[in-house]
Amino acid sequence: MPWGLKRFQQTRNSHFITFSCYKRKPKFEIAQARDTFESGLERIRTQHRMCVYGYVVMPEHVHLLVSEPENGSLAQAMQSLKQGVARRLALRAEEPFWLERYYDHNVWTERKFIEKLKYIHRNPVRRGLVARAQDWNWSSFRHYLTGEGGVVEIESHWTARSREKAGIRPTVRIRTNEIPAQAELERGTPTDSIAAR
């Protein structure tokens, strides 16, 4: 973390997190590497008992929108995630897999939560990797669009409904103001407005 910046953790807020590959190299260029990251994220979500609201795995960086974990700190969870992925993908590499540290932005309001989630989901379209957000497999967008499950369990109204039907109570305490209005999220990523940018 650059000098002078402070992280505000253990605030019970959501966090928008970004971390990048070493020298911004496209270490997630192949699908298998992106799949490995998703598996690692799900492992950390379960192990640290945290909510994942959104994510995207790009060729050279990752964005997450998460709650603070109930087991350990957010810094410990991110360190474990980065180390686990690096061990699986670059155990004997000559250079580091990740840039040191990570960017962490506290998400204080529902409006900011929606803004960050839209940013995450639009990232592959903005970069020209796909024409529509739902065409990028390594993102939470399709879950919000259809309720489709994936490798990483996403905390959303879809997940809450399926738990309710199954009679399951959430294992992670979440604040009700952390899950934004679904209608706002489903509006999501109009590709025509992105193309105009």
Measure the spacing between CG of L41 and CZ of R45 and express it to the nearest 0.5 Å.
8.5 Å
CD (E115) with more than 12 external heavy atoms under 6.0 Å
yes
Using the rule that two of Ile, Leu, Val, Met, Phe, Trp, Tyr join whenever any of their side-chain heavy atoms come within less than 4.5 Å, decide whether L99 and L89 are in one cluster.
no
CD/Q32: more than 12 non-hydrogen atoms of other groups inside 6.0 Å
no
Between P69 and M50, which heavy-atom pair has the shortest distance, and what is it?
CA-CB, 3.7 Å
Measure the shortest side-chain to side-chain distance between R126 and N123 over non-hydrogen atoms and say whether it is less than 4.5 angstrom.
yes
Atom pair NE2/CG of H15 and L65 - distance to nearest 0.5 Å
10.0 Å
Quick one: does N71's side chain get under 4.5 Å of Q47's, heavy atoms only?
no
Tell me, do V130 and V125 make a side-chain contact under 4.5 Å, heavy atoms counted?
yes
Among the clusters formed by ILVMFWY side chains lying less than 4.5 Å apart, do F97 and M58 turn up in the same one?
yes
Looking at F28, is its backbone amide N or carbonyl O close enough to the side chain of R34 to form a donor-acceptor pair, meaning the two atoms are under 3.5 Å apart?
yes
Check whether the side chains of S20 and R24 place a donor and an acceptor atom closer than 3.5 Å, and report yes or no.
yes
Rounded to the nearest 0.5 Å, what's the gap from CD on E148 to CZ on F141? Could you check?
11.5 Å
Is the backbone of G149 close enough, under 3.5 Å, to the side chain of W158 for a donor and an acceptor to pair up by distance?
no
So is K82 actually on top of F19's ring, under 6.0 Å and inside 45° of the axis?
yes
Smallest separation among heavy atoms of S73 and Q76, with atom names
N-OE1, 2.8 Å
Determine whether Y53 and Y144 make a side-chain contact, defined as any pair of heavy atoms from C-beta on separated by less than 4.5 Å.
yes
Closest non-hydrogen atom pair between S139 and E38, with its separation
N-OE2, 4.2 Å
Look up atom NZ in K23 and atom CD in E60, then write down how far apart they are to the nearest 0.5 Å.
15.5 Å
Distance-only, no hydrogens or angles: does the T159 side chain make a donor-acceptor pair with backbone N or O of I154 under 3.5 Å?
yes
Cluster question for you: counting only ILVMFWY and a side-chain heavy-atom cut-off of under 4.5 Å, with indirect links fine, are L81 and Y103 together?
yes
Could you check whether any side-chain heavy atom of R142 comes within less than 4.5 Å of a side-chain heavy atom of N137, counting everything from C-beta outward?
yes
Check: M78 and L64 side chains under 4.5 Å, non-hydrogen atoms
yes
Applying ring pair (Phe, Tyr, Trp, His ring centres under 6.0 Å) to W136 and Y55, what does each step give before you reach the verdict?
CA-CA 11 Å; W136 188 250; Y55 74 95; over 10 Å; no
Test item: E153 side-chain N/O and E42 main-chain N/O as donor-acceptor pair under 3.5 Å:
no
Of all the heavy-atom pairs spanning Y102 and A75, show the shortest one and how long it is.
OH-CA, 3.4 Å
Atom pair CZ (F16) and CG (D104), whose distance is rounded to the nearest 0.5 Å:
10.0 Å
I'd like to check S67 versus E155 (side-chain heavy atoms, cut-off strictly below 4.5 Å). Are they in contact?
no
Side chains of V66 and I17, heavy atoms from C-beta outward: is any pair under 4.5 Å?
yes
What is the minimum heavy-atom distance between S80 and R43, and which atoms define it?
O-NH2, 3.6 Å
Mind listing the closest non-hydrogen atom pair of S140 and G54 along with its distance?
OG-CA, 3.1 Å
Candidate list V57, V151, V56, L129, test side-chain contact (heavy atoms from CB on, under 4.5 Å), partner W138, passing option
V57
How about CZ on R127, more than 12 heavy atoms from neighbouring residues, nucleotides or ligands closer than 6.0 Å, or not?
yes
How long is the span from the NZ atom in K116 to the OG atom in S14, to the nearest 0.5 Å?
12.5 Å
